[in-house]
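A short worksheet on the structure shown next.
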Amino acid sequence: MRKLLLIYTGGTIGMITNAQTGALESFDFSHLYGHIPELKRFELDIQVKSFDPPLDSSELGPQHWQQLASWIASSYELFDGFVILHGTDTMAYTASALSFMLQGLKKPIVFTGSQLPIGIIRTDGKENLITAIEIAAATDAQGQPILQEVAVYFEYALFRANRSSKVSAHQFEAFASPNYPLLAKAGVQIEWFQERLFRTQLPALQAQFEVSNEVLIWRLFPGMPFEHYTKALSYPDIKILIIETFGAGNAFSKQRFQTLLEAFVAAGGLVLNITQCQSGAVRQGAYQTSTFFEKIGVISGADLTAEAALTKCMFALANVPSTERAAFIRTAIAGELSAAK
Ligand code: ASP
């Protein structure tokens, strides 16, 4: 019988109505089968672990990513797959972070959650949970896990974790991965798109738990008053600045902005350029308005999501020597970015 570890971190999915008070409360996941009897029909051994107390995902950060990564790493040999129930708000951050912290995966880690609590009749939580479990348990003809990476399952679609973003606060289709196609689609059957699945080149799991928050992200906007930002961008408190630029990686050519970036880079800081657009990639140098970035050595973030860019930089700061960081950020290590076209 295949063994799965189900970890409940918190979020909407794990809530049921208290029969006495009518209020929504987090339910005790050790009674999972009582609440979701459908799970008994799987021939699976599902063990459950929970954050205590369960947390809204806005409260989660690096120490929780570390907790999850270390639970998974320490029980990696004992289980065939892992399902993580997580609030949707920051799921793409946690899931992206885990894709960098746990490299060399040969087993699935599937994140899911829901827009409506599992105890509400119209919940999307039951389907999300049941199918996430089925995906985490799925094997090929040789008995190997079909999925061998970190993924997000939501509303009939399986996304690569470090390509996914939360795109809707109210629709059941809460997630999307505009720059990478679905890994699988759940219909009457689960349709897998084999050629899109990530396969590691590493011989074994490589778990690294440290991350650093010496990063800053700026979403550029027309008229941004850079005179106020000099203090915020001080190296070495901030070691990587991520700029969310316009279109294919463009920005205004304001002298103050350029001087600020030049000084930051000269002091040893790295600047990563990602686009504000939901889909498509940065192409530095394609327009006059991005040639300055090329000149001072700004790293092109290609088609990285903001969540993947941030967590990759946080990971790189703690685990990659400073001389190799720029090359590391530019290179896909867990399928998070596409090669420049
Ligand atoms: N605020 C909740 C969270 O992210 C929303 C959800 O679970 O979907 O924890």
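Remember, it's 1-based here, ligands and their atoms both numbered in the order they're listed. Positions are given from 1, in the same order as the sequence printed here.
The main-chain N or O of A306 is never found under 3.5 Å from a side-chain atom of E244 such that the two would form a donor-acceptor pair.
Atoms of ligand 1 found under 4.0 Å from any heavy atom of G11, numbered from 1 in the order shown, are 7 (O), 9 (O). Near G87, meaning under 4.0 Å from one of its heavy atoms, ligand 1 places the atoms 3 (C), 4 (O), 6 (C), 7 (O), 9 (O). Taking a cut-off of under 4.0 Å to the non-hydrogen atoms of S114, the atoms of ligand 1 that pass are 8 (O).
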Is there a side chain to side chain donor-acceptor pair (under 3.5 Å) between N273 and T245? Walk through the geometry before answering. CA-CA 7 Å; N273 180 2; T245 54; 2.6 Å; yes
For T94 and H86, what are the C-alpha separation, side-chain angles and deciding distance, and is it a side chain to side chain donor-acceptor pair (under 3.5 Å)? CA-CA 9 Å; T94 307; H86 194 289; 2.8 Å; yes
S338 vs R163, side chain to side chain donor-acceptor pair (under 3.5 Å): CA-CA, chis, key distance, verdict: CA-CA 10 Å; S338 314; R163 295 290 196 148; 3.1 Å; yes
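Closest protein heavy atom to atom 5 (C) of ligand 1: T12 OG1, 3.4 Å. From the protein, the heavy atom lying nearest to atom 4 (O) of ligand 1 is S57 OG, 2.6 Å. Closest to atom 8 (O) of ligand 1, if we only count protein heavy atoms, is T88 OG1, 2.5 Å. Atom 2 (C) of ligand 1 has D56 OD2, 3.5 Å as its closest protein atom, hydrogens excluded (heavy atom only).
Ring-plane geometry between W218 and Y229 is classed as tilted, the angle between the planes lying from 30 to 60 degrees on a 0 to 90 degree scale.
The N/O atoms of D89, backbone and side chain alike, include one that comes under 3.5 Å of an N/O atom in ligand 1. Checked by distance only, ligand 1 and S58 stay at 3.5 Å or farther apart across all their nitrogen or oxygen atoms.
No part of A174 comes within 4.0 Å of ligand 1, judged by heavy-atom distances.
Few gaps surround CD on Q47; more than 12 heavy atoms of other groups in view lie less than 6.0 Å from it.
Between F51 and W71, the gap from one ring centroid to the other is short of 6.0 Å.
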